Amino acid sequence: GDDIPQNDHSMAAYVTEDGPYGINIFCMTAEENARHFITAGQSHDAGHVKYAGHYNIGYWPWELSQWPKDWALMLDLVDEVWVSTWHTYEALANICPKPLMHMPMAVELAEVKAFKDQASARRHFKLPSGATLFCFSFDLNSSIHRKNPQACVDAFLRAFPKGKTGKADVGLVIKCHKPKQKNAEWDKLKRLAAKDPRIHIVEGTLPKPELLALYKACDCFLSLHRAEGFGRGIAEALQLGLHVITTGYSGNVDFCQPPSADLVDYQLIPVESGQYRFGEGQVWADPDVGHAAALMRGFYEQHRDAPQNATPLKTDWPGFAASVVGDRYRQRLEAIRAENPRLFTPSQ
């Protein structure tokens with residue numbers, strides 16, 4: 001949609017309106033799946049995805065611990081549901097009458113903008129060359145309350161009080177798309193950052209290779225979210241070799257484990273009115289800012305005193321590989337085909 005800032009066009013060559021196969025996999029929210037069905041799913045015109053006579057799979061993301069009651073009827077649109085994490089699986093497990101499959105996502109870094117060294121990358125992004133840099137990236141379309149950037153700032157200031165460390169020692173990099181509409185919470189955070197030269201705001205939409213280069217120019221990825229369906233930014237940071245400090249709750253815990261990641265303590269709190277769609281009566285995590293600050297301080301001291309002796313990070317993540325994930329998908333699709341031979345022609 002026009003409201004989604006996106007500079008990743010790597011899949012453009014594969015995009016088509018056709019849906020000729022016996023199995024449809026809908027990689028969108030359940031709400032968007034319903035919208036698609038209403039607007040296009042019942043069309044008999046050539047070149048449109050058809051639901052009837054096909055085996056339909058909803059590969060649906062969701063962040064909170066309970067599936068929205070208003071989305072229960074959308075289960076009738078599909079023959080089975082795939083989810084990328086155990087967190088989302090548990091949200092659906094007690095209400096989904098269809099087969100429910102845990103199907104993790106592939107995360108591969110096809111291209112990262114190349115720089116001669118980290119210092120060159122930091123000059124490009126106007127970041128201090130010798131500082132220990134913590135990085136956080138989010139999209140206001142994903143809810144500032146869920147992504148919780150203020151907690152990152154609070155933890156940073158608690159770990160590194162003003163006057164104790166300077167811009168050359170440590171920094172916090174916050175990357176966000178430039179909002180199309182005024183956002184009071186984001187404006188408040190920017191005003192706070194303007195008073196502290198150690199906090200660096202990168203506001204804008206970057207091509208994906210450059211965004212990954214920004215991550216790589218930093219030392220530690222920080223995410224004090226209240227809930228994540230999966231956590232792709234966290235997964236990308238891990239693959240780039242960054243250390244991660246993140247809330248120990250929701251989808252990201254499937255792949256965030258020491259020594260590559262430190263999990264921040266939390267307590268569950270109610271989702272307040274207006275903070276997230278379909279959040280009424282639900283809970284999510286409130287990360288412990290003090291614990292996060294202690295982990296950040298510990299990483300800084302280890303990185304400052306002996307970066308060459310720091311605990312080696314895991315940079316090979318075969319569980320994210322398209323070949324591994326794709327094999328899991330293939331096995332399930334072949335099982336569906338064997339169970340439903342009437343849906344398929346020899347070419348499908």
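Note: hydrogens, waters and symmetry copies are ignored here, and every other heavy atom, side chains too, is used. Keep in mind it's a predicted model, so treat the numbers as computed, not measured.
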Practice problem: Please tell me if the side chains of Phe26 and Phe37 come closer than 4.5 Å, counting only heavy atoms from C-beta onward. | Solution: no

**OP:** Report yes if the side chains of Pro128 and Arg122 come closer than 4.5 Å at any heavy-atom pair, otherwise no.
**Re:** no

Here the gap from Lys216 atom NZ to Leu109 atom CG, rounded to the nearest 0.5 Å, amounts to 9.0 Å

Residues Ala155 and Ala293: closest non-hydrogen pair is O-CB, 3.4 Å

Steps toward side-chain contact (heavy atoms from CB on, under 4.5 Å) verdict (Phe255, Val107)
CA-CA 12 Å; Phe255 53 84; Val107 182; over 6 Å; no

Return yes when atom CG of Asp76 has more than 12 non-hydrogen atoms of other residues, nucleotides or ligands closer than 6.0 Å, and no otherwise.
yes

One should read off an interatomic distance between Asn148 CG and Leu224 CG, to the nearest 0.5 angstrom, of 6.5 Å

With sequence neighbours left out, the residues meeting side-chain contact (heavy atoms from CB on, under 4.5 Å) with Ser120 are Phe115, Lys116, Asp117, Arg123

Handout entry: Check: Phe230 main-chain N/O paired with Thr85 side-chain donor or acceptor under 3.5 Å
Key = no

Given side chains that start at C-beta, do those of Ile95 and Gln66 come closer than 4.5 Å, heavy atoms only?
-> no

Run the numbers on Leu192 and Gln150 for side-chain contact (heavy atoms from CB on, under 4.5 Å), then give the verdict. CA-CA 10 Å; Leu192 181 62; Gln150 186 64 52; 3.9 Å; yes

Could you tell me whether the side chain of Asn56 and the main chain of Asp79 form a donor-acceptor pair under 3.5 Å?
no

For this session: Start with the C-alpha distance between Leu211 and Lys175, add both sets of side-chain angles, then the distance that settles side-chain contact (heavy atoms from CB on, under 4.5 Å), and finish with yes or no.
Result: CA-CA 9 Å; Leu211 175 64; Lys175 161 68 178 71; 3.9 Å; yes

All heavy atoms of Leu263 vs all of Thr247, minimum pair found to be CD2-O, 4.3 Å

Would you say His243 and Asp262 are linked by a side-chain donor-acceptor pair, where the criterion is simply a distance under 3.5 Å? yes

- Task: For the pair Glu63 and Arg277, evaluate side-chain contact (heavy atoms from CB on, under 4.5 Å) and give the outcome as yes or no after the intermediate values.
- Result: CA-CA 11 Å; Glu63 291 80 17; Arg277 299 181 70 225; over 6 Å; no

Practice prompt. Indicate yes or no for a side-chain donor-acceptor contact from Asp327 to the backbone of Val324 under 3.5 Å, with no hydrogens or angles considered.
Written response: no

Given the options Phe156, Phe160, Phe134, Tyr300 meets ring pair (Phe, Tyr, Trp, His ring centres under 6.0 Å) only with Phe160

Interatomic distance, CG@Leu222 vs CD1@Ile234, rounded to 0.5 Å, equals 9.5 Å

Under the 3.5 angstrom rule, does the side chain of Lys113 hit a backbone N or O of Lys208 as a donor-acceptor pair? no

For Tyr329, the ring pair (Phe, Tyr, Trp, His ring centres under 6.0 Å) test, sequence neighbours excluded, returns Trp82

From the list Met105, Glu108, Gln239, Glu236, side chain to side chain contact (heavy atoms under 4.5 Å, CB included) partner of Phe320 resolves to Gln239

Under 3.5 Å: donor-acceptor pair, side chain of Asp196, backbone of Lys162
no

Result for side chain to side chain contact (heavy atoms under 4.5 Å, CB included) between Leu100 and one of Thr88, Val81, Leu75 points to Val81

Interatomic distance, CG@Leu242 vs SG@Cys218, rounded to 0.5 Å, equals 7.0 Å

Worksheet item: Between His36 and Tyr51, how do the two ring planes meet: parallel, tilted or perpendicular, split at 30° and 60°?
Response: tilted

All heavy atoms of Ala193 vs all of Ile201, minimum pair found to be CB-CG1, 3.8 Å

| Do you reckon Val289 sits in the same ILVMFWY cluster as Ile245, going by side-chain contacts under 4.5 Å, direct or chained? | no

Same hydrophobic cluster for Val264 and Phe138, using side-chain heavy-atom links shorter than 4.5 Å among ILVMFWY? yes

- Message: Run the ring pair (Phe, Tyr, Trp, His ring centres under 6.0 Å) test on Trp60 and Trp71 for me, step by step, so that the C-alpha distance in whole Å, both residues' side-chain angles and the decisive distance to 0.1 Å come before the verdict.
- Response: CA-CA 11 Å; Trp60 292 338; Trp71 286 7; 7.9 Å; no

Exercise for review: Could you verify whether a donor N or O on one side chain and an acceptor N or O on the other, from Thr205 and His177, lie under 3.5 Å apart?
Suggested key: yes

Using side-chain heavy atoms (C-beta onward) and a distance below 4.5 Å, is Leu64 in contact with Phe278?
no

- Determine the interplanar angle of the His303 and Phe299 rings, folded into 0 to 90°, and report it as parallel if under 30°, tilted if 30 to 60°, perpendicular if over 60°. parallel

When Ile174, Ile144, Ile199 are each screened for side chain to side chain contact (heavy atoms under 4.5 Å, CB included) with Leu189, the one that passes is Ile174

With sequence neighbours left out, the residues meeting ring pair (Phe, Tyr, Trp, His ring centres under 6.0 Å) with Tyr89 are Trp86

Review point. Are Glu228 and His87 linked by a side-chain donor-acceptor pair shorter than 3.5 Å?
Key: no

Between the CZ atom in Arg226 and the CZ atom in Arg146, the distance rounded to the nearest 0.5 Å is 11.5 Å

Nearest heavy-atom approach of Thr246 to Cys256 is CG2-SG, 4.0 Å

query: Are Thr29 and Pro61 side-chain neighbours, meaning at least one heavy-atom pair lies under 4.5 Å?
result: yes

Can you tell if the side chain of Gln118 reaches within under 4.5 Å of the side chain of Leu133, non-hydrogen atoms only?
no

Correct closest heavy-atom pair for Pro287 and Ala285 would be CD-O, 3.6 Å

Within-4.5 Å side-chain heavy-atom neighbours: Met28 and Arg35: no

d(Glu80 CD, Tyr55 OH) to nearest 0.5 Å is 3.5 Å

- request: Group every Ile, Leu, Val, Met, Phe, Trp and Tyr by side-chain heavy-atom contacts under 4.5 Å, then state whether Leu268 and Trp67 land in the same group.
  value: no

- Counting only heavy atoms not in Glu272, do more than 12 fall under 6.0 Å of its CD? no

For Ile336 and Ile57 the tightest heavy-atom approach is CD1-CD1, 3.8 Å

Does Ser143 use its side chain to pair, donor to acceptor, with the backbone of His145 at less than 3.5 Å?
yes

Margin query: Check the orientation of Tyr249 and Tyr266. Use parallel for under 30°, tilted for 30 to 60°, and perpendicular for over 60°.
Written below: tilted

- Answer yes or no: is there a side-chain heavy-atom contact under 4.5 Å between His225 and Trp284? no

Strictly distance-based, threshold 3.5 Å: is any side-chain N or O of His54 a donor or acceptor partner for the main-chain N or O of Asn24? no

Group every Ile, Leu, Val, Met, Phe, Trp and Tyr by side-chain heavy-atom contacts under 4.5 Å, then state whether Val244 and Val253 land in the same group.
no

**Report entry** Distance-only side-chain donor-acceptor flag, Gln282 / Tyr276, under 3.5 Å
**Finding:** no

